[in-house]
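Single-structure report; data block below.
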Amino acid sequence: MRSLDDQLAKLHGQRERITTLIATVERDGRLSPMPAVMARFYEQIEARAEDDRTRRLIRRERDFVELAFYRGDMPAESVALYEGLTEAAMARSLDSFRSIADRADRSHPLDDREIEQIAAGVVERITRQLGPDLPRVLRSIDLDVARRAADLYLRLADPGERRLTRSIADAILTLIEKGRTQ
């Protein structure tokens, strides 16, 4: 009986994703489960990037996010990070992408301190963007879905970037876990 319940839950999740996808196509005219506000963010930030390395990094993240939404591996609450972004927040995001691209492009690997700084910067931007909504959003995130997103993020990372990717994923998961207990 439990196996049937699990299968029904999976099918229900698939149905919800398909229903959302159909509604998105009808509303926005594009076939993607990624919310329109997130797609616009990646389009705008990529257009602002001045070099190919940064644009590639932005496209790779956008592709990961879209794939995670297709698979049902991205917490729906993640859309809150993209809503109401100010020009200052967009500039900080672009600076972050540029900084990561610059650091990853160097001839020697990132040291532990640099990796920790980048991961801490990601958590700081999430915290700042969500502001007073942070505790509510973190409590509402399905931790299993967040872990699946982190695992997918790591699997898709270039081998040379896995330490950085793991650090970012772990920092975000730690933020979610702490937020769920508060």
Side-chain angles (χ1 to χ4, degrees), residues 2-28 30-46 56-83 85 93 96-97 100 104 115 118-127 129-130 133-181:
R2 181 164 173 78
S3 175
L4 286 174
D5 288 340
D6 290 344
Q7 285 181 313
L8 283 172
K10 277 185 173 179
L11 288 172
H12 182 69
Q14 287 176 349
R15 181 187 174 113
E16 285 180 17
R17 288 191 300 276
I18 290 170
T19 301
T20 300
L21 188 57
I22 291 168
T24 300
V25 169
E26 289 173 349
R27 184 181 60 248
D28 299 327
R30 56 181 197 79
L31 183 61
S32 174
M34 184 168 44
V37 68
M38 294 172 83
R40 279 192 304 275
F41 165 80
Y42 287 109
E43 289 167 9
Q44 291 172 3
I45 207 80
E46 184 179 350
R56 277 193 306 273
L57 182 65
I58 293 165
R59 282 192 300 269
R60 190 173 10 184
E61 182 174 306
R62 180 199 59 219
D63 291 348
F64 152 73
V65 170
E66 188 163 33
L67 178 60
F69 270 106
Y70 271 115
R71 294 168 46 108
D73 290 343
M74 180 61 71
E77 297 82 2
S78 62
V79 74
L81 294 171
Y82 300 83
E83 293 173 335
L85 286 172
S93 293
S96 176
F97 279 114
I100 292 169
I115 288 173
I118 292 170
V122 169
V123 168
E124 187 274 328
R125 277 188 305 286
I126 291 170
T127 303
Q129 177 60 26
L130 292 177
D133 288 336
L134 180 70
R136 179 190 57 76
V137 171
L138 294 178
R139 281 192 303 270
S140 68
I141 293 175
D142 181 328
L143 194 52
D144 289 334
V145 174
R147 285 187 181 123
R148 288 195 320 260
D151 289 342
L152 179 62
Y153 185 57
L154 184 61
R155 281 196 315 266
L156 295 175
D158 289 337
E161 297 174 2
R162 290 229 167 94
R163 282 181 54 234
L164 174 60
T165 303
R166 171 51 63 198
S167 182
I168 291 170
D170 288 347
I172 293 170
L173 287 173
T174 298
L175 175 67
I176 294 167
E177 289 168 350
K178 286 180 180 177
R180 291 178 54 80
T181 61

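Residues: numbered from 1 along the sequence shown.
At a threshold of 4.0 Å, the pair Arg60-Glu161 counts as salt-bridged, since one of the basic side-chain nitrogens sits closer than that to a carboxylate oxygen. Salt bridge Arg166/Asp170: present, at least one basic N to carboxylate O contact under 4.0 Å. A salt bridge links Glu177 with Arg147: the distance from a Lys NZ or Arg NE/NH1/NH2 to an Asp or Glu carboxylate oxygen falls below 4.0 Å. Salt bridge Glu46/Arg62: present, at least one basic N to carboxylate O contact under 4.0 Å.
Distance check: Ile45 CD1 to Leu57 CG gives 11.0 Å after rounding to the nearest 0.5 Å.
Partners of Glu16 by side chain to side chain contact (heavy atoms under 4.5 Å, CB included), not counting sequence neighbours, listed by chain and number: His12. Listed by chain and number, the residues in a salt bridge (charged side-chain N to carboxylate O under 4.0 Å, His left out) with Arg162 amount to none (sequence neighbours excluded). Under the side chain to side chain contact (heavy atoms under 4.5 Å, CB included) criterion, Val145 pairs with Pro75, Asp142, Arg148, sequence neighbours left out. For Arg136, the salt bridge (charged side-chain N to carboxylate O under 4.0 Å, His left out) test picks out Asp133, with sequence neighbours left out. Judged as a salt bridge (charged side-chain N to carboxylate O under 4.0 Å, His left out), and not counting sequence neighbours, the contacts of Arg163 are Asp112.
Minimum interatomic distance between Thr165 and Leu154 (heavy atoms only, all atoms of both residues): CG2-CA, 3.8 Å.
For Arg139 (side chain) and Arg180 (main-chain N/O), no donor-acceptor pair under 3.5 Å exists by modelled atom type.
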Original post:
When you look at Leu156 and Leu67, which way does the side chain to side chain contact (heavy atoms under 4.5 Å, CB included) test go after all the steps?
Top reply: CA-CA 10 Å; Leu156 295 175; Leu67 178 60; 3.7 Å; yes
Subject >> side chain to side chain contact (heavy atoms under 4.5 Å, CB included) between Tyr42 and Glu66, worked out >> reply: CA-CA 11 Å; Tyr42 287 109; Glu66 188 163 33; over 6 Å; no
Original post:
Yes or no on side chain to side chain contact (heavy atoms under 4.5 Å, CB included) for Tyr70 and Met34, after CA distance, side-chain angles and deciding distance?
Top reply: CA-CA 8 Å; Tyr70 271 115; Met34 184 168 44; over 6 Å; no
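Counting only residues at least two apart or in different chains, ring-ring contact (aromatic ring centres under 6.0 Å, His included) contacts with residues 135-180 comprise Phe64-Tyr153.
For the 3.5 Å distance criterion, the side chains of Ser93 and Arg125 fail to qualify, holding no donor opposite an acceptor.
Using cut-offs of 30° and 60° on the angle between ring planes, the pair Phe41 and Tyr82 is perpendicular.
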